[in-house]
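Take a look at the structure below.
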Amino acid sequence: MRIATWNINSITARLPRLTQWLETAQPDVLCLQELKVSEDGFPRDALAALGYESVVNAGGRWNGVAVLSRVGVEDPAVGLPDAPAYDGVVEARAAAATCGGVRVWSLYVPNGREVGHPHYDYKLEWLAALRATVEQPAAGSAPFAVLGDFNIAPTDEDVWDIAEFDGATHITEREREALSALESAGMKEVHPRPLKYDVAFTYWDYRQLCFPKNKGMRIDLVYGNSAFASAVGDAYVDREARKGKGASDHAPVVVDLEV
DNA sequence: ATGACTGCAATATGCAGA
């Protein structure tokens, strides 16, 4: 079974790219983030025509996540239990489904903006809610994974130049402690292999030739429980999807399970 | 060559992304 995650930065702008990628990569399950679309505007029919059912949590102009599956959808859920609000709004940042016997969450972790900004505290609170949500399934025997844009680089090597990030979000101890908390709950990170260069970056800014210069970050992550992690046969970042005009600024992470 | 931000809501430019 092939499971992938991709921050597509607008499903409306990216629909031609998305359908092309589904046809070539042939994922059984795809977690999407940054839909940037209303519930009504989600291209449910176009995806159904390709054989995918969709569990959608869409919030309009910002955020928005979905789980696409061509191996069935059971127990769909939208929204992280006890997720904090920001400016009084509980944003569309989580959606879940059990697909072909594998429970997955598609996650779009808050950016944090700046250390000390209210959005940074919101990010940490949101990650605490995630830790609580994974607690039980992490310890279970059924395969379970959380996939998405975590907006955290797990180590200093996961950004192109750590010196450029002095004082910035995405690399701070408190953010990385939230990832460690997932691991202490029983989740293991699935490490994708790069198709080029040393590190499997998943994000490159649109500006200043970041992609050609490989000034990237590895912030789109996959964490699975023991049953999931032990079934992983291969994992990689499809950087080809970042090339050319009309690309998202993120590349998909692809995980192949031996089930 | 992979190439010098992009998408959205609004309808000019500002916000957000990280």
Side-chain angles (χ1 to χ4, degrees), chain A residues 5-18 20-21 24 32-43 58-66 86-87 89 91-93 107-124 126-127 148-172 174-176 178-179 194-221 236-253:
Chain A
T5 181
W6 193 10
N7 177 323
I8 48 166
N9 186 21
S10 168
I11 196 169
T12 307
R14 215 69 58 214
L15 191 58
R17 282 261 190 171
L18 174 60
Q20 184 183 40
W21 192 79
T24 54
L32 293 172
Q33 301 87 35
E34 280 211 84
L35 301 177
K36 292 187 171 179
V37 76
S38 65
E39 197 88 32
D40 290 345
F42 186 87
R61 182 176 181 183
W62 305 112
N63 313 308
V65 294
Y86 187 74
D87 271 351
V89 178
E91 298 172 320
R93 294 183 178 275
L107 305 175
Y108 181 42
V109 177
N111 173 289
R113 298 184 189 165
E114 295 171 26
V115 178
H117 191 284
H119 210 264
Y120 181 76
D121 296 328
Y122 167 55
K123 182 179 195 172
L124 296 174
W126 200 94
L127 288 161
D149 181 354
F150 280 72
N151 273 317
I152 303 171
T155 74
D156 288 356
E157 285 66 48
D158 291 315
V159 297
W160 79 91
D161 181 3
I162 192 64
E164 299 267 351
F165 286 80
D166 190 32
T169 58
H170 293 63
I171 52 98
T172 67
R174 294 181 72 194
E175 290 165 286
R176 287 174 176 170
L179 298 181
L195 296 185
K196 191 179 178 184
Y197 303 119
D198 296 333
V199 180
F201 293 146
T202 64
Y203 164 84
W204 301 259
D205 198 299
Y206 284 125
R207 291 167 286 192
Q208 298 171 321
L209 292 170
C210 280
F211 183 63
K213 293 176 179 171
N214 199 35
K215 290 186 171 184
M217 304 171 73
R218 194 173 75 83
I219 55 176
D220 297 87
L221 309 175
Y236 63 94
V237 175
D238 185 5
R239 68 189 303 284
E240 297 295 312
R242 179 62 178 80
K243 293 182 178 180
K245 274 201 181 304
S248 169
D249 42 3
H250 294 251
V253 182

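Chain identifiers are assigned alphabetically (A, B, ...) following the order of the sequence lines, protein sequences preceding nucleic acid strands; residue numbering begins at 1 within each chain.
Taking atom P in both B:dC15 and B:dA4, one finds a spacing of 25 Å when rounded to whole Å. Straight-line distance between the C1' atoms of B:dT2 and B:dC8: roughly 26 Å, to the nearest whole Å. Taking atom P in both B:dA10 and B:dA16, the straight-line distance is 15 Å, to the nearest Å. When the C1' atom is compared between B:dA18 and B:dG7, the two are found 16 Å apart, to the nearest whole Å.
Across the protein-nucleic acid pair, A:I8 atom CD1 and B:dC8 atom C1' stand 14 Å apart, rounded to whole Å. For the pair A:Y197 OH and B:dT2 C1', the computed distance is 8 Å after rounding to whole Å. Distance A:M217 CE to B:dG17 C1': 11 Å, rounded to the nearest Å. Between the CG atom of A:D40 and the C1' atom of B:dC8 there is a distance of 17 Å, given to the nearest Å. A straight line from CG of A:L32 to P of B:dG7 spans 16 Å, rounded to a whole angstrom. Rounding to whole angstrom units, NZ of residue A:K215 and P of B:dG17 are separated by 22 Å. B:dG17 atom P lies 5 Å from atom CG of A:N111, rounded to whole Å. Residue A:E175 contributes atom CD, which lies 10 Å from atom C1' of B:dA18 at whole-angstrom precision.
Residue-to-nucleotide proximity on DNA chain B shows that, of A:R207 and A:K36, the 5′-proximal contact is made by A:R207. Across the interface with DNA chain B, nearest-nucleotide mapping of A:Y206 and A:H250 shows A:Y206 to be the residue nearer the 5′ end.
For A:Y108 and B:dA18, the shortest distance from a side-chain N or O to OP1 or OP2 is below 4.0 Å. Under 4.0 angstrom from either OP1 or OP2 of B:dT6 there lies no side-chain N or O belonging to A:R14. Checking the phosphate oxygens (OP1, OP2) of B:dA18, no side-chain nitrogen or oxygen of A:H119 falls inside 4.0 Å. Taking 4.0 angstrom as the limit, A:S10 places none of its side-chain polar atoms (N or O) nearer than this to OP1 or OP2 of B:dT6.
Side-chain atoms of A:P118 and A:Y86, non-hydrogen and from C-beta on, do get closer than 4.5 Å to each other. Taking 4.5 Å as the limit, some side-chain heavy atom of A:P43 sits within range of a side-chain heavy atom of A:I11.
Residue contacts shown for A:F165 are absent, as no nucleic acid heavy atom lies under 4.0 Å away. A:Y120 comes within contact range of no nucleotide atom at all, as no heavy-atom separation falls under 4.0 Å. When heavy atoms are screened at a 4.0 angstrom cut-off, A:T169 is found touching no nucleic acid atom at all. Within 4.0 Å (heavy atoms only), A:E240 reaches no atom of the nucleic acid at all. Contact annotation for A:K196: base contact, defined as any heavy-atom pair under 4.0 Å involving a base atom. At the heavy-atom level, A:R113 lies under 4.0 Å from the strands shown only through sugar-phosphate atoms. Nucleic acid contact for A:T12: sugar-phosphate only, since backbone atoms but no base atoms lie under 4.0 Å from a heavy atom of the residue. Residue A:W204 is out of contact with every strand shown, counting any heavy-atom pair closer than 4.0 Å.
With hydrogens and angles disregarded, no donor-acceptor distance shorter than 3.5 Å links the side chain of A:R218 to the backbone of A:I152. The backbone N or O of A:R207 sits less than 3.5 Å from a side-chain atom of A:D205, completing a donor-acceptor pair. Put simply, the side chain of A:K36 never gets that close to the backbone of A:N9: no donor and acceptor are under 3.5 Å apart. Checking side-chain atoms of A:R17 against main-chain N and O of A:G246 turns up a donor-acceptor pair under 3.5 Å.
Ring geometry for A:H250 versus A:Y203: interplanar angle of 30 to 60°, hence tilted.
Counted by atom type alone, A:S10 and A:E34 present zero donor-acceptor pairs between their side chains at under 3.5 Å.
A:R176 has a carboxylate O that lies under 4.0 Å from a charged side-chain N of A:D156, or vice versa, which qualifies the two as a salt bridge.
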Query raised in the report: Yes or no on ring pair (Phe, Tyr, Trp, His ring centres under 6.0 Å) for A:H119 and A:Y122, after CA distance, side-chain angles and deciding distance?
Result: CA-CA 5 Å; A:H119 210 264; A:Y122 167 55; 5.2 Å; yes
May I have the list of side-chain donor-acceptor pairs in residues 159-170 of chain A shorter than 3.5 Å, sequence neighbours left out?
| residue | atom | partner | partner atom | Å |
| --- | --- | --- | --- | --- |
| A:D161 | OD1 | A:A163 | N | 3.1 |
| A:H170 | NE2 | A:N151 | OD1 | 3.1 |

Listed pairs, N/O of protein and of nucleotides 10-13 of chain B, under 3.5 Å:
none

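The side chain of A:L209 lies closest to B:dA4 when the candidates are B:dA4, B:dT2, B:dC8. Nearest nucleotide to the side chain of A:H170, out of B:dC5, B:dT2, B:dA18: B:dA18.
Annotation: proximity of residues 149-164 of chain A to DNA chain B (heavy atom, distance under 4.0 Å) is found for A:D149, A:N151, numbered in ascending order.
Rounding to the nearest 0.5 Å places OH of A:Y108 at 6.5 Å from CG of A:N111.
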